[in-house]
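First comes the structure, then the notes that go with it.
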Amino acid sequence: MNDQYHPQKIEEMAQKYWEQHQTFKTEATSDKEKFYCLSMFPYPSGQLHVGHVRNYTLGDVIARFKRMKGYHVMHPIGWDAFGMPAEGAAIKHQTAPADWTYQNIAAMTVQLKKLGFSFDWTREMTTCKPEYYKWEQWLFTILYQKGLIYRKFSAVNWCPQDETVLANEQVENGRCWRCDTLVERKELPQWFLKITDYSDELLAGLEELSAWPEQVKAMQKNWIGRSEGIDIDFKVFDSPVDQYDILTAYTTRPDTLMGVNCLVLAAEHPLSLAISEKNTVLATFIQTCKQTQVSETTLSVIEKKGMNLGLEVAHPLTGERLPVWVANYVLMDYGSGVVMSVPGHDKRDWEFAKSYYLPIKQVIASKTEIDIEAAPFLQTGCLIQSGEFDHLDCQVAWRLIADRLVKEKKAALKVNYRLRDWGISRQRYWGTPIPMCYLEDDTVMCVPEEELPVILPESVHLNGMQSPLKEDLKWQQIDHKGQLAKRETDTLDTFIESSWYYARFCCPHFQEGMLDVKQTQYWLPVDQYVGGIEHACMHLLYARFFHKILRDLDLVQCSEPFKRLLCQGMVLADAFYIENEAGVKSWIAAADVTIERNEKGRLIQAKHTESGQLVSYAGMLKMSKSKQNGIDPQSLILHYGADTVRLYLLFAAPPEQQLEWSSSGTEGAYRFLKKLWKMVWHDLDRGALPAVNKAGLNKLQKKLYQHIHQVIHKVTDDIDRRQTFNTAISSIMELLNALSKQTISKDDQDAAIHRAGLQAITCLLAPMTPHISHVLWQKYALEKEMTWPLYDPDMLIVDQVTYVVQVNGKMRARFEAETNCSEDTIFQMALSQKNVKNSIGNQSIKKMIWVPNKLVSIVLSS
RNA sequence: GCGGCGGUGGUGGAAUCGGUAUACACGACAGACUUAAAAUCUGUUGACCCUAGGUCGUGCGGGUUCAAGUCCCGCCCGCCGCACCA
């Protein structure tokens, strides 16, 4: 080795060392304090992308930092191996999902290892293996017996051409992505997990998560959506269905009850269906309603369409006859499938009333004039046009009306949640088989515990439509005490695997049960969880829910799984395209584009290098295969080494912000490491040096030595408390710049300080660029293990500060003063500044403000 | 549509508790070294002006304050999520 930085050699060396010494293998217990650091495990899609690298780099920095601080760190990795892409790939490549998955895992393992992450590979888990999903099936049967799992009919996206269920992402503009057929809603029997039993606890638990980002807690709170309201009964006149002589609608605004203009039913409501039997126009309308996707997004943006059912209900207070409508924006799955329409004071009802010319009645008044025909009034105020309730405040009227209805047994107070029970059935092959079976007499029963796991056959052929499980009659058929039984052919939602993997990492090879309580008790909760913000609601809520289930089964002790959460932003890159006459964009990789910039560096023109054709710049977009703007981490590592890639990803943006990829930025990170390498190499040439004698330093030496300790202080705080690795790195860069500009005289202390600075930088960088730090440290200290540097509190005390003087809010001067000078002294000094004198002129001073060690603000009388 | 987040030089970003706006890095320009290039090093770099100084400037429009990128009100734009992608 020489003063040239060769990352490939260095990284291979460091990785070999860690592997031989089993540096990152975690023992079951230790005298040290434990720290469990977890990055969300990856779906084995085949290639590691930069988003993954960012995720694992962030987690690795924290894990390595804590290890250097002396914690007993667990930092595991595994594979979220079930999922739809494997089925797609299997069809495309004429292989089985299992083969494709295992190949990807092998390839991605190699890539992960090249990045030098401090994973404990002995804890590696793969969720598609029976030893993992066995316990999921076991839990399913326990929860079924406890009544937390039930079966009901629920809607799915159905392609009538392919006769298959489609995921929301497989529906494009309401049509099947494969055959362009209009997608329908179809009701199927499906399994549900009663997450709503835990609504209140999931909401209350957010309070104790003080180390979670506020935004994520806000999103979860809104997702759970607790509201207080009442269920109101509307008596139906001459109902065609006996059980439906009453329709119940939930509302949070009983104060607007006098403004109801109609009830609106879902197309699948039994009353709508009953009436449609004798009404072909209605039947056709209901049929078209079914051509809406099962997603809230679609529901909220579709044009609201409805039809009068010709049915009437009685207003619960006045007895007035109100019409009943059916509409496409009300779904049977949510609530009771009945909505009480108050167009004057609800946006959706207002839009619906407008398109069908229904009466809009204002029953709440504001202090200002309102035109209820121009827009609904959504705030609170005083009641009007509400008979005896006129002039009452909304809040008072709310109580009064609710109490009256409850007393008359026409309503009941109710707490409602937006959160719905979790549908966990999937009509797909590549997932955990649901451990249920059906006897010939339709009795539903669990597969007995001793017969678990129900193994998913791995050698299968996929046709792109039907799940192989549904065609495999042999697999389906089982014998139950001499009776013929049929297995459930649906599989579990893959969110289930990711809802408890963090707990299994505590005891990945435990065979006596789902979890080893001793281990979960020691390791849980996860001290630091790192993952994408896109999981803010679903995955993180499901995992919190599972944790509470596991706690109630005495498998874990605490109530929340993740103590601290870091949500990283996406990785973006430049995207270019050529648009043809039909407006279809074809995306061009940046490597095939020649860019022309003006003298400021702004892009003015881009051309396709090969054809010379003009190319449009789409800006920075999320990296994706389809946009051709993905960056392959492997080629980056080959060129710059893992340390450079890690350093750049940490430096380019704070972790929770989106990160814009730039190749010149990577060059900059590389340059920095080259410079560090060279400087350390030259320092090593100086041989043995005395220690820094902090009492005997001259002014300049002391300033530089203080700088070192200020940087140690800042980097520690930036990594530990703030988690802003970008600012940590920039302050390290500043220190290296200062050291490179230092003139080293014959005085030993100059060289000693220089070395102290370089050694501090080597350690401070170790969590971020572990390979170069490891090798440089070995050069310096031979066998001694690297620990996190401590700052000297004495060295943080500065004796001079810079004051700023503002006159009428404008910065006019700055001056140096000794720390902790008195107010009077500082005012005198401020007023004696030449430029301050000029700004004041002959005006009189009205007020002077003093901010100690910082600023003086002079206000002149106008 | 609903919920959450963001917008600062040519670019990524910094400013941590309302107190020096633009740290650090990239790019650009100039110079040193070199036969030359690469690499490296040094310097300059928000805009404008009457240039020892001043005016303007953190998406837009208002407000609070001695003082606002930061707080409040109203907009515009972009991104993420919306329950079968993971």
Side-chain angles (χ1 to χ4, degrees), chain A residues 40 42-43 45 80 83-85 156-157 165-171 213-216 218-219 221-223 225 294-302 347-348 351 419-420 422-428 493-495 498 532-539 541-542 569-570 572 597-603 619-620 622 648 651-654 656-669 671-672 674-675 678 714 717-718 721-722 724 726-727 729-734 737 740 802-811 814 834-835 838 846-849 851 854-855 857-860:
Chain A
M40 289 180 184
Y43 177 77
S45 56
D80 188 13
M84 284 211 317
V156 293
N157 296 316
V165 176
L166 299 175
N168 281 335
E169 68 158 11
Q170 296 174 320
V171 182
E214 287 303 322
Q215 54 154 321
V216 175
M219 283 161 96
K221 192 178 167 197
N222 293 332
W223 184 270
V294 204
S295 94
E296 212 171 75
T297 317
T298 320
L299 212 64
S300 62
V301 295
I302 47 165
K347 216 171 167 187
R348 292 200 326 180
E351 279 167 30
L419 181 67
R420 309 192 299 263
W422 179 6
I424 51 173
S425 294
R426 296 292 179 270
Q427 296 69 39
R428 300 183 203 294
D493 180 3
T494 55
F495 267 122
S498 54
I533 183 72
E534 65 273 19
H535 295 293
C537 287
M538 306 186 64
H539 162 63
L541 194 69
Y542 292 149
M570 293 181 311
L572 318 180
R597 295 179 189 274
N598 64 13
E599 67 280 2
K600 294 229 157 170
R602 181 167 267 180
L603 186 146
M620 284 278 180
K622 181 176 177 175
Y648 172 69
F651 179 65
E656 41 326 317
Q657 223 167 94
Q658 59 182 34
L659 186 150
E660 304 191 357
W661 183 263
S662 121
S663 45
S664 49
T666 319
E667 289 281 351
R671 265 202 291 269
F672 169 75
K674 277 195 285 193
K675 186 173 166 180
K678 205 171 257 179
K714 177 167 170 59
D717 187 49
D718 280 355
R721 180 182 61 91
R722 296 214 307 155
T724 52
N726 55 328
T727 55
I729 293 166
S730 74
S731 63
I732 293 171
M733 285 173 166
E734 278 182 84
N737 288 344
S740 72
T802 306
Y803 267 92
V804 167
V805 189
Q806 293 180 350
V807 179
N808 276 349
K810 295 210 158 134
M811 209 274 281
R814 65 186 82 186
K834 189 175 148 207
N835 208 33
N838 288 343
K846 190 173 148 194
K847 198 168 151 190
M848 300 235 297
I849 293 148
V851 183
K854 245 182 199 160
L855 166 137
S857 183
I858 301 168
V859 190
L860 305 175

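Every chain is numbered from 1, with letters handed out A, B, ... down the list of sequences.
- Taking atom CD1 of residue A/Ile858 and atom P of nucleotide B/C66, one finds them 16 Å apart after rounding to whole Å.
- Scanning for side chain to side chain donor-acceptor pair (under 3.5 Å) contacts around A/His539 gives A/Tyr529, with sequence neighbours left out.
- For A/Asp718, the listed nucleotide lying nearest its side chain is B/U16; candidates were B/U16, B/A23, B/G13.
- At distances below 3.5 Å, not a single donor-acceptor pair connects side-chain atoms of A/Glu351 with backbone N or O atoms of A/Arg348.
- Residues A/Tyr43 and A/Thr494 form no side-chain contact, since every pair of their non-hydrogen atoms from C-beta on lies 4.5 Å or further apart.
- Scored by the ring pair (Phe, Tyr, Trp, His ring centres under 6.0 Å) test, A/Trp223 finds no partners at all (sequence neighbours excluded).
- A search for side-chain contact (heavy atoms from CB on, under 4.5 Å) contacts involving A/Met848 returns A/Phe827, A/Leu831, A/Ile845, A/Ile858, not counting sequence neighbours.
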Q | Sugar-phosphate or base contact per nucleotide [nucleotides 70-78 of chain B; S, B, -; heavy atom under 4.0 Å] | A | ---------
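- The distance from the CG atom of A/Asn808 to the NZ atom of A/Lys846 is 9.0 Å, given to the nearest 0.5 Å.
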Review item, nucleotides 79-86 of chain B N/O atoms under 3.5 Å of protein N/O:
from  : atom 1 : to       : atom 2 : distance (Å)
B/C82 : O2'    : A/Glu296 : OE1    : 3.3
B/C82 : N3     : A/Thr297 : OG1    : 3.4
B/A83 : OP2    : A/Glu296 : N      : 2.8
B/A83 : O2'    : A/Arg420 : NH2    : 3.2
B/A83 : N7     : A/Arg420 : NH1    : 3.3
B/A83 : N6     : A/Arg418 : O      : 2.8
B/A83 : N1     : A/Arg420 : N      : 3.0
B/C84 : OP2    : A/Arg426 : NH2    : 2.8
B/C84 : O4'    : A/Arg426 : NE     : 3.1
B/C84 : O4'    : A/Arg426 : NH2    : 3.4
B/C84 : O2'    : A/Asn168 : N      : 2.8
B/C84 : O2     : A/Arg428 : NH2    : 2.2
B/C84 : N3     : A/Gln427 : OE1    : 3.2
B/C84 : N4     : A/Gln190 : OE1    : 2.8
B/C84 : N4     : A/Gln427 : OE1    : 2.7
B/C84 : N4     : A/Gln427 : NE2    : 3.4
B/C85 : OP2    : A/Glu169 : N      : 3.3
B/C85 : O4'    : A/Glu169 : OE1    : 3.3
B/C85 : O4'    : A/Glu169 : OE2    : 3.2
B/A86 : OP1    : A/Met84  : N      : 3.0
B/A86 : OP2    : A/Thr494 : OG1    : 3.3
B/A86 : O3'    : A/Asp80  : OD2    : 2.9

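- Checked against side chain to side chain donor-acceptor pair (under 3.5 Å), A/Lys674 has no partners two or more places apart in sequence or in another chain.
- Look at CG on A/Asn726: it is 11 Å from C1' on B/A23, rounded to the nearest Å.
- Rounded to whole Å, atom P of B/G13 lies 14 Å from atom CH2 of A/Trp661.
- Interatomic distance, A/Asn737 CG to A/Phe672 CZ, rounded to the nearest 0.5 Å: 8.0 Å.
- Atom pair A/Arg671:CZ and B/G27:C1' shows a separation of 10 Å (rounding to whole Å applied).
- Among the protein residues, A/Asn838 comes within range of no part of the nucleic acid, since none of its heavy atoms lies under 4.0 Å from any strand.
- Between A/Lys674 and the phosphate of B/U40, there is a side-chain N or O to OP1/OP2 separation shorter than 4.0 Å.
- Across B/U16, B/C2, B/C66, the shortest atom-to-atom separation from the side chain of A/Lys347 is found for B/C2.
- B/C72 and B/G78 have their P atoms separated by 24 Å, with the value rounded to a whole Å.
- Using modelled atom types, one side-chain atom of A/Tyr648 and one backbone atom of A/Ser662 make a donor-acceptor pair closer than 3.5 Å.
- Nucleotide B/C17 carries a syn base; the chi torsion (O4'-C1'-N9-C4 or O4'-C1'-N1-C2) is within 90° of 0.
- Residue A/Lys675 places its side chain closer to B/C41 than to any other of B/A23, B/U16, B/C41.
- Of the side-chain N and O atoms in A/Arg348, none sit less than 4.0 angstrom from OP1 or OP2 of B/C2.
- At a threshold of 4.0 angstrom between heavy atoms, the contacts of A/Val804 include nucleobase atoms, whether or not backbone atoms are also involved.
- In RNA chain B, runs of at least 3 stacked Watson-Crick or G-U pairs (N1-N3 plus N6-O4 or O6-N4, or N1-O2 plus O6-N3, all under 3.5 Å) give these stems: B:1-7 with B:76-82, B:10-12 with B:24-26, B:27-32 with B:40-45, B:46-49 with B:53-56, B:59-63 with B:71-75.
- Rounded to an integer number of Å, the gap from CE of A/Met620 to C1' of B/G13 is 13 Å.
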Please produce a list of atom pairs where a protein N or O lies less than 3.5 Å from an N or O of nucleotides 17-19 of chain B.
from  : atom 1 : to       : atom 2 : distance (Å)
B/G19 : N2     : A/Gln806 : OE1    : 3.1

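- Going from atom CE of A/Met848 over to atom C1' of B/C66 covers 12 Å, rounded to whole Å.
- Looking only at side-chain heavy atoms (C-beta outward), A/Trp661 and A/Met620 stay at 4.5 Å or farther from each other.
- Going from the C1' atom of B/A67 to that of B/G19 covers 7 Å, rounded to whole Å.
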Using a cut-off of under 3.5 Å, enumerate the N/O to N/O pairs linking the protein to nucleotides 5-8 of chain B.
none

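- Residues that satisfy the side chain to side chain donor-acceptor pair (under 3.5 Å) test with A/Asp718, not counting sequence neighbours, are A/Lys714, A/Arg722, A/Thr727.
- Using a 4.0 Å heavy-atom distance criterion, A/Lys678 is classed as making no nucleic acid contact.
- The residue among A/Glu667 and A/Ala652 whose nearest nucleotide of RNA chain B lies closer to the 5′ end is A/Ala652.
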Protein-nucleotides 51-61 of chain B N/O pairs under 3.5 Å:
from  : atom 1 : to       : atom 2 : distance (Å)
B/G54 : OP1    : A/Arg812 : NH1    : 3.3
B/G54 : OP1    : A/Asn835 : ND2    : 3.2
B/U55 : OP1    : A/Arg812 : NH2    : 3.4
B/U55 : OP2    : A/Arg812 : NH1    : 3.4
B/C56 : OP2    : A/Lys810 : NZ     : 3.3

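- For A/Glu667, the side chain to side chain donor-acceptor pair (under 3.5 Å) test picks out A/Tyr640, with sequence neighbours left out.
- As a whole-Å value, the separation of A/Tyr648 OH from B/C24 P is 18 Å.
- Glycosidic conformation of B/G9 is syn; the angle stays within 90° of 0.
- Closest to the side chain of A/Asp717, out of B/U16, B/C24, B/G13, is B/U16.
- A gap of 14 Å separates the C1' atoms of B/U64 and B/U70, to the nearest Å.
- B/G12 atom P lies 5 Å from atom CD of A/Glu660, rounded to whole Å.
- Of all the heavy atoms in A/Ser295 and A/Asn168, the pair that sits closest is CB-ND2, 3.9 Å.
- For A/Trp422 and A/Phe495, the ring centers sit 6.0 Å or farther from each other.
- Regarding the sugar-base torsion, B/U51 falls in the syn class, its angle being within 90° of 0.
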